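Here the structure is a predicted model, which is why all the values come from computation and not from measurement.
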Amino acid sequence: YCQGRGSIVVVCGSRGTGKTSMACAVLRKRIENGLALGGTYDRFQSLVADFGVLFDGWHRVSSAQASGKFDKLAKTGALRVIDELKDPLDDAKGGPCARRLLTHLLDLRYANGMDTILITNHSMEALNSAQSPLGDSVLSRITERGGFIPCEWGSFRVPVPQIAPEDVGHLPGLKIS
């Protein structure tokens with residue numbers, strides 16, 4: 001995976017399973033080895049906020065500036081990690097726009113031989129269903145040059161203990177001034 005061929009790898013699973021840590025470790029290692037100059041990390045919600053107007057089907061962009069910025073974004077970073085796909089893709093109102101943006105971004109990266117790691121809280125079952133939030137075009141590209149890394153174990157996040165307000169002053173080592 002991710003050998004500079006336009007690969008698309010999807011790291012999927014529940015929250016807290018280490019998906020982002022794993023993807024960022026791959027990105028860091030690629031940069032250390034000189035294989036991902038300009039490697040980048042993005043939250044998908046930010047990309048949708050910045051470029052969604054290009055893909056919503058309702059608005060017309062008055063200048064080519066936004067489109068040019070998007071094309072530059074798509075062609076930057078030998079390895080791009082895109083995190084938090086689930087909420088924008090599942091949004092009833094914005095989902096179609098987000099899907100078009102993701103498809104176009106991945107098409108440009110694929111065509112230019114630039115690798116991408118997608119991170120989502122979707123399950124493998126949801127991603128491989130007939131109504132996959134990724135869409136047929138993206139799934140086809142993943143099948144051809146990439147794959148899925150399911151993180152199907154429990155969360156590593158430890159719940160914070162709940163402390164009743166009346167117990168705050170009785171905690172050992174805690175001084176309140």
Modelled atom types, side-chain donor and acceptor of T116 and R80, under 3.5 Å
no

Go through the structure and list residues passing salt bridge (charged side-chain N to carboxylate O under 4.0 Å, His left out) with R43, not counting sequence neighbours.
E84

Which residue in the set V9, L118, N128, V11 passes side chain to side chain contact (heavy atoms under 4.5 Å, CB included) when paired with F148?
N128

Distance (rounded to the nearest 0.5 Å) between S7 OG and E144 CD:
9.5 Å

At what distance, to the nearest 0.5 angstrom, does CD of E125 lie from SG of C12?
11.5 Å

Please name the pair of heavy atoms, one in A126 and one in P133, separated by the smallest distance, quoted to 0.1 Å.
O-CD, 3.6 Å

Tell me, do H122 and D90 make a side-chain contact under 4.5 Å, heavy atoms counted?
yes

Applying side-chain contact (heavy atoms from CB on, under 4.5 Å) to T143 and not counting sequence neighbours gives none

Joint hydrophobic cluster, I119 plus Y110, side-chain heavy atoms closer than 4.5 Å
no

Nearest-0.5 Å distance that lies between atom CG in L102 and atom CG in L106
4.5 Å

Any salt bridge linking D115 with R145? Criterion: basic side-chain nitrogen under 4.0 Å from a carboxylate oxygen.
no

Identify the heavy atoms of V48 and L101 that sit nearest to each other, and give their distance.
CA-CD1, 4.0 Å

Separation of S129 OG from M124 CE (nearest 0.5 Å):
11.0 Å

Is a side-chain N or O of T103 found less than 3.5 angstrom from the main chain of R100, in a donor-acceptor match?
no

Answer whether the closest heavy-atom distance between the side chains of L27 and I117 falls below 4.5 Å.
no

Please check this pair: side chain of R109 against backbone of T76, looking for a donor-acceptor N/O pair closer than 3.5 Å.
yes

Heavy-atom side-chain proximity of R15 to S155 below 4.5 angstrom
no

Are the side chains of L134 and T120 in touch, meaning some heavy atoms are under 4.5 Å apart?
no

Would you say that R141 contacts D107 through its side chain, given a criterion of any heavy-atom pair below 4.5 Å between the two side chains?
yes

If we only count heavy atoms from C-beta on, is the L85 to V10 side-chain gap below 4.5 Å?
no

Please report the C-alpha distance between L47 and L73 in whole Å, then the side-chain angles of each, then the deciding distance to 0.1 Å, and finally whether the side chain to side chain contact (heavy atoms under 4.5 Å, CB included) criterion is met.
CA-CA 10 Å; L47 297 178; L73 168 100; 3.9 Å; yes

Using 0.5 Å steps for rounding, measure from the CZ atom of R99 to the OG atom of S132.
8.5 Å

